[in-house]
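Just below is one structure, and these are the notes that go with it.
The chains referred to below are lettered A, B, ... by the order of the sequence lines, with proteins before strands, and numbering in each begins at 1. Quick caveat: nothing in here was measured; it's all calculated off a predicted structure.
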There are 2 protein chains.
Amino acid sequence: MAGRREYGEACPVAHSLDIVGDRWALLVVRELRLGPKRFSDLQASLPRAGPNVLAARLRELAETGVLVRRRLPPPAATPVYQLTEWGAELEPVFEALARWGMRSPVVKREGRLSADSVMLAIRSFFRQADPPWSATVEFRLDADVYRVRVVDGGLAELARGEVAGQPDARIEGDRMAVHELIETGTAPGNVTITGDRDAVERLLAAVRMP
Amino acid sequence: MAGRREYGEACPVAHSLDIVGDRWALLVVRELRLGPKRFSDLQASLPRAGPNVLAARLRELAETGVLVRRRLPPPAATPVYQLTEWGAELEPVFEALARWGMRSPVVKREGRLSADSVMLAIRSFFRQADPPWSATVEFRLDADVYRVRVVDGGLAELARGEVAGQPDARIEGDRMAVHELIETGTAPGNVTITGDRDAVERLLAAVRMP
DNA sequence: CCGCATCCCCAAAGATACTG
DNA sequence: CAGTATCTTTGGGGATGCGG
């Protein structure tokens, strides 16, 4: 990131790439889109990254103001990494990259997938529906729990953690199975859907991809 | 780009980065956004890239279908590199990266700038205006000539080459000076504006940046 | 000339082990 | 758990050369 390694252009695109163009940088940011994480969470999400590279990216991204390293209040004083407001504004970049990558002639479906990635597909490909509808759905991907809230046809919330109260429906399964459900719209055998199946149908219909 | 160098994820963002995430790759694509170029043109636009890296990126981007290497019809049988339709669909990615980079807390205005980059700022930051208006403006950045056509308040064309016929206005100067004009809205001494100055004013007003 | 291929060198990424 | 230390590997920067 430093000195000769920068592009040295005044172009805003080049400037962005100076900041998030390094290897693993954007994927680190992706893993923080749904909320702060600890170092080991990031390592688990990006197992091919290596702790030194991960630490380097986190330091650089903190220096450039994309994220901050915070300490949770005691007693759980473990450090977490969290996007700054500006870092969170990378959202349109992810949107654009996700849509472009999805249209790739060389469609790549192999490879692993973090739990966050599976859920983020919902954010990237959600389409406002009419007539409007509302629902709250909880996803349980093994140990990772997410809540999705649709209000008036729009995606109001997509975050880590359980639904406060009772969800309209709950979807459970392993990452890859839920991913297949979201991508194809039909549930493989190892996915369990409980509650309002209509809500789930509408949600899946809203996430149709190109 | 090959094998272990890929992220190995099924995430569409990671897949995009496998294709255009390598160093210089997106800047090469940027230099082709306004039309095909020869190898030496690209070298001149990206002087810090080095011919080997440039050749490698071009080969890889051709393999993945982002661009094609074509031969112009004789007698000018020089090979040019041109974005494919899918490659041209990276436009929203550039838009997002440009807007994000422009909001950077560490605003970077130093560094060089290709002629195409200067003009592309118009595309990235153009805002539909009401009331609608129309105009054709020609830019002459040293040897590089561009035409900009606004129709009904929308950016109808931004391309390399002269205006067919007579432009409403013409802007001449060196790259950096025209860049300053576009960024600040006021013309430095070494920029010459001829023709309909109102058209130029409206164009500059439509490119106000965040 | 223009379009690369080759060579050398260094800095960044990968892998693994280890420590506060 | 949260990183650092160390070593190896690899890709990129820079110069130069060569064929069409």
Quiz item: Tell me, what's DNA chain D's dot-bracket, Watson-Crick or G-U with both distances under 3.5 Å, | for other-strand, [ ] crossing?
Solution: .|||||||||||||||||||
Quiz item: Quick one: are B/Arg123 and B/Phe94 in side-chain contact, heavy atoms under 4.5 Å?
Solution: no
Quiz item: Does the side chain of A/Glu172 reach to within under 4.5 Å of the side chain of A/Arg170, using non-hydrogen atoms?
Solution: yes
How many Å lie between [atom1] on [X] and [atom2] on [N], as a whole number?
| X | N | atom1 | atom2 | answer |
| --- | --- | --- | --- | --- |
| B/Trp24 | D/dG12 | CH2 | P | 11 Å |
| B/Asp22 | D/dT10 | CG | P | 15 Å |
| A/Glu60 | C/dA12 | CD | P | 9 Å |
| A/Tyr7 | C/dA12 | OH | C1' | 13 Å |
| A/Leu54 | C/dA15 | CG | C1' | 14 Å |
| B/Glu6 | C/dG14 | CD | C1' | 16 Å |
| A/Leu42 | D/dA2 | CG | P | 10 Å |

Quiz item: Is there a side-chain contact (heavy atoms from CB on, under 4.5 Å) between A/Leu204 and A/Thr186 once you walk through the steps?
Solution: CA-CA 9 Å; A/Leu204 294 173; A/Thr186 53; over 6 Å; no
Quiz item: Can you name the residues that form a side-chain contact (heavy atoms from CB on, under 4.5 Å) with A/Ser104, not counting sequence neighbours?
Solution: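 Counting only residues at least two positions away or on another chain, A/Ser104 forms a side-chain contact (heavy atoms from CB on, under 4.5 Å) with A/Val106, B/His15, B/Ile19, B/Trp86.
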Exercise. Only counting residues at least two apart or in another chain, list the ones meeting side-chain contact (heavy atoms from CB on, under 4.5 Å) with A/Glu31.
Key: A/Lys37, A/Leu42, A/Ser45, A/Leu46, A/Ser114, A/Asp116, A/Ser117
Quiz item: Which nucleotides of nucleotides 1-8 of chain C have their base under 4.0 Å from a protein heavy atom (B), which only their sugar-phosphate (S), and which neither (-), written as one string 5' to 3'?
Solution: --SBBBB-
Quiz item: In residues 28-37 of chain A, what residues come within less than 4.0 Å of DNA chain C, judged by heavy atoms?
Solution: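 Contacts with DNA chain C under 4.0 Å: none.
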Side chain of [X], backbone of [Y]: donor and acceptor closer than 3.5 Å?
| X | Y | result |
| --- | --- | --- |
| B/Asn190 | B/Gly173 | no |
| B/Arg33 | B/Leu83 | no |
| B/Arg99 | B/Ser124 | yes |
| B/Arg175 | B/Leu113 | yes |
| B/Arg57 | B/Trp24 | no |

Side-chain N or O of [X] versus OP1/OP2 of [N]: is the shortest distance under 4.0 Å?
| X | N | value |
| --- | --- | --- |
| B/Arg48 | D/dG14 | no |
| A/Arg57 | C/dA12 | no |
| A/Arg23 | D/dG11 | no |

Quiz item: Under 4.0 angstrom, heavy atoms only, what part of the nucleic acid is B/Ala49 near: base, sugar-phosphate, or nothing?
Solution: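 Sugar-phosphate only.
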Do any side-chain atoms of residues 70-79 of chain A form donor-acceptor pairs under 3.5 angstrom with protein atoms, and if so which ones, sequence neighbours left out?
residue, atom, partner, partner atom, Å
A/Arg70, NH1, A/Gln82, OE1, 2.4
A/Arg71, NH1, A/Ala77, O, 3.0

